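Source: prediction; values computed, not measured. The residues of the chain are indexed from 1 along the displayed sequence.
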Amino acid sequence: MIATAIVSVLSVGVLLWVAPPAQVIDSIGDMNPVWLLAAAALEIGSCVSYVVVFRRFFPEPPRPVGRQVAWIAMGAGAVLPGGNFSSAATTGWLLRHHGIGTRRLVERCGALLCFLTLFGFFINGIAGAFLLVGIGNGPHDLEHSGIPILVSLFVIGSAIAAMIAARRHHARTSTTARSLAASLEGAWESLSKPHWRMFGAAGFLWLDMAALWAACRATGHSLGVLALAVAYFIGYLATLIPAPAGLGVLDSGLAGALVLYGYSPAASVGAVLVYHAISVWVPGLGGLVAWLPTRARPLAAAAARPPAAQPDAAPAVSH
C-alpha cells in the first residue's frame, strides 16, 4: 500500500511537471466532442475484438458463456492492478469448472497473454523500424526509433530462446518454467495455424491505439500514427507497476511518452486523461453488465427453492 501511494504521488508529480493543471483543463474543455465519441466507439470495437480472439483460445464453453467470461476478464484487467495479468487470472478462475483441466487452463490463459504481449512488441518494433528509415511523421533519429526496436527484439528474442531451451531441456526444467514454455508454445501455435479469429488480436490492439489517437485529435493537435504507436507501447510499460486501473501510472507514462515523441504537453496530458477514462469505463461497464447475471442466478435459484420443512412442535407435557 505504501509503495503504491508513493508511485501514485510520483506519477501525479510527473503529470504536473509535464503541463500545468490550468492548461490541461483548458485543453480538455476545448476538445472536439465528435472525436471523443469516435474514441469511445473505437474502444468498444477494441473490446468486441477481444471477445473474438478470446474464443480462439477458449472454444469449449458455450458461446454465451465465452462472451460473458471475456467481458468480465476485460473489466478485471481494466480496473484491477496488473492489467492483462489480472485479466488472465480472472479468466482462469471463471473457467475452472468448464472441463478444460487446471494445467491446460493455466497454459491457455498464459498463451493468450503471451500472444497479445508479443504481438504488441512486434508492432512496436515495426513502427520503430519505419520511423528509423524515414517513413511517417515523427522523430527519425536513432534514439527515438532505435530503442523501441531493440526492446522489441530483446523481448521477442527472449521468448523464442525460452521456448527453444524448454524443448531441449524439458525434463530438467521446473514446473513454472514448463508452464511458461507451454504458454509460449500455445501462442506460437495460434500464430502458425491461421484462423479468422486471430484478427481479433489486431483489432483489440489497433482499435485501442486508435482510441488514443482520436483523443489526441480531439485536442486539435496532430501526431504521426507511427510516433503515437511507439509512444503507446512505451507508456504502457509503466503499467508493469501495479496500481488500481493504472491510475497515475498509465497517465504519466503515456503523457511523458507522447511529449517525448513531439506532442504538445498540455494536449498530451488532456488527451491521455480522457483516453484513460474511456479505456477504463468501457470495458469496466461491459464487465459489470456481464457479471451481474452471474450474481442474479444463485439468488433466483435460492428464491425458487422450497423452504425447509419446520419440525413439528413438541407436545406439551402435563405435570
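- The shortest heavy-atom contact between A159 and L184 is O-CD1, 3.6 Å.
- Note that CG of L250 and OG of S279 are 6.5 Å apart. Values are rounded to the nearest 0.5 Å.
- Closest approach of A231 and L254 over heavy atoms only: O-CD2, 3.9 Å.
- Rounded to the nearest 0.5 angstrom, I234 CD1 and I147 CD1 are separated by 8.0 Å.
- Under a 4.5 Å side-chain heavy-atom cut-off, the cluster of Ile, Leu, Val, Met, Phe, Trp and Tyr residues that includes W281 is completed by L285.
- Across every non-hydrogen atom of M198 and V53, the tightest pair is SD-CG2, 4.3 Å.
- No chain of hydrophobic side-chain contacts below 4.5 Å, direct or via other Ile, Leu, Val, Met, Phe, Trp or Tyr residues, connects L132 to F154.
- Remark: V65 engages P61, P62, V69, H98 in a side-chain contact (heavy atoms from CB on, under 4.5 Å) (not counting sequence neighbours).
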Expected list for residues 115-129: side-chain donor-acceptor pairs under 3.5 angstrom, two or more places apart:
unit_1 : atom_1 : unit_2 : atom_2 : d
T117   : OG1    : L113   : O      : 2.8
N124   : ND2    : P148   : O      : 3.3
N124   : ND2    : S152   : OG     : 2.9

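- Cluster membership check: Y261 shares its hydrophobic cluster with V151, using side-chain heavy-atom separations under 4.5 Å among Ile, Leu, Val, Met, Phe, Trp and Tyr.
- Atom-to-atom distance recorded for L131:CG and S145:OG is 6.0 Å, nearest 0.5 angstrom.
- Each of V106 and F85 belongs to its own hydrophobic cluster when Ile, Leu, Val, Met, Phe, Trp and Tyr are linked at side-chain heavy-atom distances under 4.5 angstrom.
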Between side-chain atoms of residues 20-45 and protein atoms elsewhere (two or more places apart, or another chain), which donor-acceptor pairs fall under 3.5 Å?
unit_1 : atom_1 : unit_2 : atom_2 : d
N32    : OD1    : V34    : N      : 2.9

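- Under the side-chain contact (heavy atoms from CB on, under 4.5 Å) criterion, A290 pairs with Q68, W71, I72, not counting sequence neighbours.
- Atom OG1 of T102 sits about 11.0 Å away from atom CD of E107, to the nearest 0.5 Å.
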Name the atoms and distances for all side-chain donor-acceptor pairs under 3.5 Å in residues 203-211, with sequence neighbours left out.
unit_1 : atom_1 : unit_2 : atom_2 : d
D208   : OD1    : Y275   : OH     : 3.1
D208   : OD2    : Y232   : OH     : 2.4
D208   : OD2    : Y275   : OH     : 2.8

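- Side-chain N or O atoms of D141 include one that pairs as donor or acceptor with a backbone N or O of H144 at under 3.5 Å.
- The shortest distance between side-chain heavy atoms of F199 and S49 does not fall below 4.5 Å.
- When all heavy atoms are compared, the tightest approach of G235 to A257 is N-CB, 4.0 Å.
- When the side chains of ILVMFWY residues are joined at heavy-atom separations under 4.5 Å, either directly or via intervening members, V133 and L150 end up in two distinct hydrophobic clusters.
- Remark: L153 pairs with I149 by the side-chain contact (heavy atoms from CB on, under 4.5 Å) rule, at least two apart or across chains.
- Residue pairs meeting the salt bridge (Lys or Arg N to Asp or Glu O under 4.0 Å) criterion with at least one member in residues 44-67, sequence neighbours excluded: E60-R104, E60-R108.
- Remark: F57 pairs with no residue by the ring pair (Phe, Tyr, Trp, His ring centres under 6.0 Å) rule, at least two apart or across chains.
- With values rounded to the nearest 0.5 angstrom, F233 atom CZ is found 10.0 Å from L228 atom CG.
- Remark: T90 OG1 to W93 CH2 distance equals 10.5 Å, nearest 0.5 Å.
- W196 and V51 fall into different hydrophobic clusters, defined by Ile, Leu, Val, Met, Phe, Trp and Tyr side-chain heavy atoms under 4.5 Å apart, directly or through other members.
- Among pairs with a residue in residues 183-192, those fulfilling salt bridge (Lys or Arg N to Asp or Glu O under 4.0 Å) read R167-E185, E189-K193, at least two apart in sequence or across chains.
- When the side-chain contact (heavy atoms from CB on, under 4.5 Å) test is applied to C109, the partners found at least two apart in sequence or on another chain are F58, A88, T91, L105.
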Under 3.5 Å, which donor-acceptor pairs do the side chains of residues 213-221 form with other protein atoms, sequence neighbours left out?
unit_1 : atom_1 : unit_2 : atom_2 : d
T219   : OG1    : C216   : O      : 2.5
T219   : OG1    : H221   : N      : 3.4
T219   : OG1    : Y263   : OH     : 2.7
H221   : ND1    : T219   : O      : 3.3

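- For the pair H140 (side chain) and G138 (backbone), a donor-acceptor distance under 3.5 Å is present.
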